[in-house]
**Student:** 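Dropping a structure here in structure tokens format, bear with me for questions.
Small disclaimer: the values here were computed from a predicted structure and weren't measured.
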Amino acid sequence: MNLFRIPGQGRVDPTTPVEFTFDGKTVSGYKGDTITSALLANGIHLMGRSFKYHRPRGAVCAGSEEPNALVGTRRGAGQFEPNTRATVQEIWSGLEVTSQNRYPSLSFDIGAVNDRAYMLFSAGFYYKTFMWPKSFWDKVYEPFIRSAAGLGVSPSENDPDKYASRYLHTDVLVIGAGPAGLAAALSASRAGLRVTLVDENPEAGGTLISEPQTIIDGVPAWQWIDQTVAELISLGVRVMTRTTAIGYYHQNMVGLCEKLTDHLSSPNANMPRERLWRVRARQVILAQGALEKPLVFDGNDRPGVMLAGSAQTYLNKYGVRVGNNAVVVTSHDSAWYAAFDLADAGTKIQAIVDTRAEPAVELVAGAKSRSIRILSGYSATGTQGRLRIKSVRINPVINGKVGAPETLECDCLLMSGGWTPSLHLFSHTKGALTWDADMQTFLPDRKTEDCEIAGAGRGLWGIAAALNDGAAMGAVAARTLDKVATNTVYDVTNDRVGTGVSHTELPTDLDPGKARAFVDFQNDVTAKDLRLAVREGMHSIEHVKRYTTNGMATDQGKMSNMNGLNIAADALGKPQPKVGLTTFRPPYTPTSFGAFVGYHRGDHFDVTRKTPIDSWAEENGAVFEPVSMWRRARYFPQNGEDMDGAVSRECKTTRSAVGMFDASTLGKIEIVGPDAVEFMNRMYTNPWTKLAPGRTRYGLLLGDDGFIRDDGVIGRLSTDRFHITTTTGRAARVLNMMEDYLQTEWTDLKVWLTSTTEHWATIALNGPNARKLLEPFVEGQDISDQAFPHMSIVECTVAGFPARLFRVSFTGELGFEVNVPACHGRALWQTLWDAGQQYGICAYGTETMHVLRAEKGYIIVGQDTDGTVTPYDAGISWAIGKTKPDFVGKRGLERPDLVADGRKQLVGLLTQDGKTLLEEGAQLVLDANQPIPMKMVGHVTSSYHSDAVGRPIAFALLENGHNRVGETVYIPMPEGVISADVTGTVFYDPDGARLKL
């Protein structure tokens, strides 16, 4: 129990023991341990299996970049998470941990047979193997791929945890609470700015925690951390630990994911597990530090092989030695210091193997003082050990030639290939990078956001450099925001500043085609795979990545990208910048779906928008349906009616008396400005210049491609103001489209767009008695047919409420649409409802609206169109201004394929038996006797039973439909073939006489 724990060392709490299970076995640790540190304290290095070869793997890192130690964690029913990074998951009593990607057990995995056959699984093997024979795909290849996909097991139970989200505005956001971040936050907050400091770890300090020997201004590093955090809090700084900056977006918005309960054994049931923050910062300081780079050599993936800096972290942060007998293989000075710390703590360092011929004199002296053997100018060429490393083979390299091997016994191997600045968040902003040939790494260059980069994130090594640079960047941010700031210079002693060299892969005495030198540990990508990809024509690093899967693991290339790039560049004989760098995308680390979803789950998954009249509809028994994000009344059943009965009654009442409909969900946009009419002429197909104020017109909106995007009635209120209506589901898209043109194409136009959808409640009155009902309530406008003809608009007062009154109809009946401020919507509805009782009024829903509009041949965009329908196809070419010089979609309409014969066009259908109601979506054929597979020539878009027509009616998109009127088409259905006559789309009152009542 805790055999590798050093009493009194580290920052864990030995007075609070913690027990958890790993694959069913109890493991002990202390409060403050991670899963990995507790396992290592108990001498357990085997933690998982790799994806492709199922090779034994242990932790290689100590942070969120870990590619190997991925486990399943469970708290209780539904609280299971796969692919948890064991290196960052804190332990608590009762935590259940399981290893992944193995069967039947971690130590004996049948899938490891893949490792024996590794020569068959070279780079791109799936592209080459799964192509032939074609017949194998469905029954062999696809089932195999699906069964092999993934590392962990997907949760199968409902997640009972809660997730939250919040917004935050701050002057300065500092990301990373290492020495650079702490110094930056201190400078900015001392200047009087609101500062937020975030770090993904449970405590601030960063590399200072692993370097306790450092003295800052005469204060030991750990004490300096505590003093600095205390001062920051006293200055009002929001210090957020266990919080990862997962994405950096435009206009200095940064997404944060804060873990709130994953470290608690008994969290409050009402407390969210995670919280997603959307932060707007006036200035951002990126102090993310650097990531240690592995060395690439045969057998570098065995359990017990880890980064030297991580071993130093386990020692100084957790008080855990990672082994008794260690070998260090390095090309960078930092690994020597890790070796010194471990040696001082009791680990036997068998040798420091440095690829450089002449390490620094002071390092050699430090090693000799500890009786550590030094092997400079050597390479590691292989390791041995099944479930944990037992030995490493090393060879001298003289003038590029690999000499005779020597085997060193060890139970852990610590490697370091140098350090790579963490540039992921900077790259999210599309900031430019520059290649530094001396350091063999990319550094930040041109910035696109209001940010600064501090410390190791821009290639500065050492505690002093990081502190002073962080302080300087904090002062820069303060001055940018017009604050007075001083440059603080820190006095640092016992600093460890190092240099190193970069390698593609270490020299080997093996056949390069057989060496198992791993680059991407999780996906089992080796150096030979990368070189094979180059030989097979992959000359861009993006192509190499996808062909080999290098960098596509859960660490998203943090451990493999630079080694992969160096190897590919070497194979191509090109400098690294010519090969490119793979794109870093958010999130920075794997983030739970729950954090992104937040409150939007269950009944709250989608926002349910309700009109001001919704409560009346609910009180009066409406049956609702979702339309876009709105809840709309579908029909109002009475006396036990089903939907068909209710719709039939509502249609008859509206046609014979008066019906009232809640049309508040219609999109509404106000277009105002001296160039409003010009804007309208450019956006819509119709002409607008001669439309007089007080009149309305049907407006048709196309995309650049010439296909119908939206339609609606548009009223001109004055010479410079239009009231636009859109379809319910496309209001936001129409506004975005208009804004896009206004801000990118027509920046000279003086026009302002305002969404007013929720500002107005809209009540539609339709039927012969509509005017009789409305007239007594209208003040300031005669609404007779002569004074207020069809397609008119006026601002007036209705029932004492300010209103915009339209004389329009979507039913073919005499119709009015009354728009009043939303706060008055229900009151006006109730007033009209009460007054309408004498006229036999009924409330009708969306289903009746569909029947009434279909009887008149009115289309619904998105139902009777499918994104490939032009105005000609829909039979509304009359809505195109014949003399207009230009409008959105005009050139698209002129493309040959949009005027070619055989296009699908909107037609009406009447079943020949006069009784059968066609199914929407049913396919049409011209010959019911043709062999299967039949040639489909169209489909039914709308289908309803119409009492006014006395039979079912339907719309359909049919090839060459306009020329097929009078012909017969067939609809094959499971119960038999249905015959239908092709007709026009107007089934009722074709002359429109009822509009003029």
Side-chain angles (χ1 to χ4, degrees), residues 134-135 137-138 643-644 647 703 705-709 711 847 850-877 892-893 895-988 990:
K134 186 177 181 180
S135 60
W137 176 256
D138 290 333
M643 186 178 76
D644 292 340
V647 170
D705 49 17
F707 298 132
I708 296 173
R709 290 288 192 275
D711 68 348
E847 197 67 25
H850 280 291
V851 175
L852 297 175
R853 66 90 189 173
E855 291 172 346
K856 286 292 297 179
Y858 299 151
I859 70 167
I860 289 184
V861 174
Q863 178 166 334
D864 300 308
T865 66
D866 63 359
T868 65
V869 175
T870 70
Y872 304 105
D873 300 332
I876 51 176
S877 57
L893 288 174
R895 290 186 298 160
D897 58 321
L898 265 64
V899 295
D901 293 336
R903 288 188 56 79
K904 290 184 179 179
Q905 297 164 335
L906 195 67
V907 296
L909 293 180
L910 294 174
T911 53
Q912 290 184 346
D913 63 8
K915 298 178 181 179
T916 303
L917 180 66
L918 297 175
E919 289 187 18
E920 292 181 351
Q923 297 293 311
L924 311 179
V925 299
L926 298 178
D927 180 5
N929 297 315
Q930 63 181 293
I932 296 176
M934 295 181 171
K935 174 176 170 48
M936 306 299 177
V937 293
H939 70 279
V940 177
T941 63
S942 297
S943 180
Y944 313 97
H945 181 82
S946 168
D947 288 327
V949 181
R951 60 180 299 159
I953 60 175
F955 291 165
L957 285 172
L958 175 64
E959 285 184 9
N960 201 27
H962 294 164
N963 294 326
R964 296 189 186 277
V965 174
E967 296 182 9
T968 300
V969 294
Y970 303 93
I971 303 93
M973 299 298 291
E975 62 273 13
V977 176
I978 303 167
S979 303
D981 295 326
V982 181
T983 70
T985 54
V986 181
F987 299 100
Y988 179 73

**Student:** Nearest 0.5 angstrom please: M973 CE to I978 CD1, how far?
**Tutor:** 5.5 Å
**Student:** Return the minimal non-hydrogen interatomic distance between L910 and P952, and the atom names on each side.
**Tutor:** CD2-O, 3.6 Å
**Student:** Looking only at heavy atoms, which two atoms of Y872 and H962 are closest? And how far apart?
**Tutor:**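 That would be O-CE1, 2.9 Å.
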**Student:** Sequence neighbours excluded, which residues qualify as side chain to side chain donor-acceptor pair (under 3.5 Å) partners of Q912?
**Tutor:**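 Q912 satisfies side chain to side chain donor-acceptor pair (under 3.5 Å) with T968, D981 only.
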**Student:** Do any pairs count as a side-chain hydrogen bond (donor to acceptor under 3.5 Å, both in side chains) and have a residue in residues 918-931, sequence neighbours left out, and if so which ones?
**Tutor:**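 Found none.
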**Student:** Compare all side-chain heavy atoms of L957 with those of H939 and state whether any distance is below 4.5 angstrom.
**Tutor:**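 Touching, per the 4.5 Å side-chain cut-off.
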**Student:** May I ask you to test the N963-D901 pair for a side-chain heavy-atom distance under 4.5 Å?
**Tutor:**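 Side chain of N963 against side chain of D901, heavy atoms only: no contact under 4.5 Å found.
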**Student:** Quick one: pull up CD in E959 and CZ in R903 and give me the separation to the nearest 0.5 Å.
**Tutor:**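 That separation rounds to 10.5 Å.
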**Student:** Please find the pair of heavy atoms, one from A954 and one from V940, that lie closest to each other, and give the distance.
**Tutor:** CB-CG1, 4.3 Å
**Student:** Does D705 reach the side chain of R895, with side-chain heavy atoms less than 4.5 Å apart?
**Tutor:**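 Touching, per the 4.5 Å side-chain cut-off.
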**Student:** Between L958 and L909, is any pair of side-chain heavy atoms under 4.5 Å apart?
**Tutor:**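 No, every pair of side-chain atoms sits at 4.5 Å or beyond.
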**Student:** Start with the C-alpha gap between V969 and L926, add the side-chain angles, then the distance that decides, and say whether side chain to side chain contact (heavy atoms under 4.5 Å, CB included) holds.
**Tutor:** CA-CA 5 Å; V969 294; L926 298 178; 4.0 Å; yes
**Student:** With D866, which residues qualify under side chain to side chain donor-acceptor pair (under 3.5 Å), at least two apart?
**Tutor:**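 With sequence neighbours excluded, D866 shows a side chain to side chain donor-acceptor pair (under 3.5 Å) to T868, given in chain and number order.
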**Student:** Any side-chain heavy atom of V907 within less than 4.5 Å of one from F955?
**Tutor:** no
**Student:** How many angstroms lie between atom CG of D873 and atom CD1 of I708, to the nearest 0.5 angstrom?
**Tutor:**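 Here the rounded value is 7.5 Å.
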**Student:** Other residues, nucleotides and ligands only: do more than 12 of their heavy atoms fall within 6.0 Å of CG on D897?
**Tutor:**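 Correct, the count exceeds 12.
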**Student:** Which heavy atom of L917 sits nearest a heavy atom of H945, and at what distance?
**Tutor:**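 For L917 versus H945, the nearest heavy atoms are CD1-N, 3.7 Å.
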**Student:** Taking salt bridge (charged side-chain N to carboxylate O under 4.0 Å, His left out) as the definition, give me every residue that meets it alongside K904, ordered by chain and number, with sequence neighbours left out.
**Tutor:** none
**Student:** Would you call F707 and L898 a side-chain contact if the rule is heavy atoms closer than 4.5 Å?
**Tutor:**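 They are in contact (side-chain heavy atoms under 4.5 Å apart), so the answer is yes.
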**Student:** Which heavy atom in T985 sits nearest to a heavy atom in G908, and how many Å separate them?
**Tutor:**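 What the structure gives for the nearest pair is CG2-N, 3.8 Å.
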**Student:** On a heavy-atom basis, which atom in L924 and which in A956 lie closest, and how many Å separate them?
**Tutor:**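 Closest heavy-atom pair between L924 and A956: CD1-CB, 3.8 Å.
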**Student:** With sequence neighbours excluded, what pairs up with D913 under the side chain to side chain donor-acceptor pair (under 3.5 Å) test?
**Tutor:** T911, T916
**Student:** Considering residues at least two apart in sequence or located in another chain, which fulfil the side chain to side chain donor-acceptor pair (under 3.5 Å) criterion with S942?
**Tutor:**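 Counting only residues at least two positions away or on another chain, S942 forms a side chain to side chain donor-acceptor pair (under 3.5 Å) with R853, Q863, D864.
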**Student:** Between atom CD1 of I859 and atom CG of L906, what is the distance when rounded to the nearest 0.5 Å?
**Tutor:** 7.0 Å
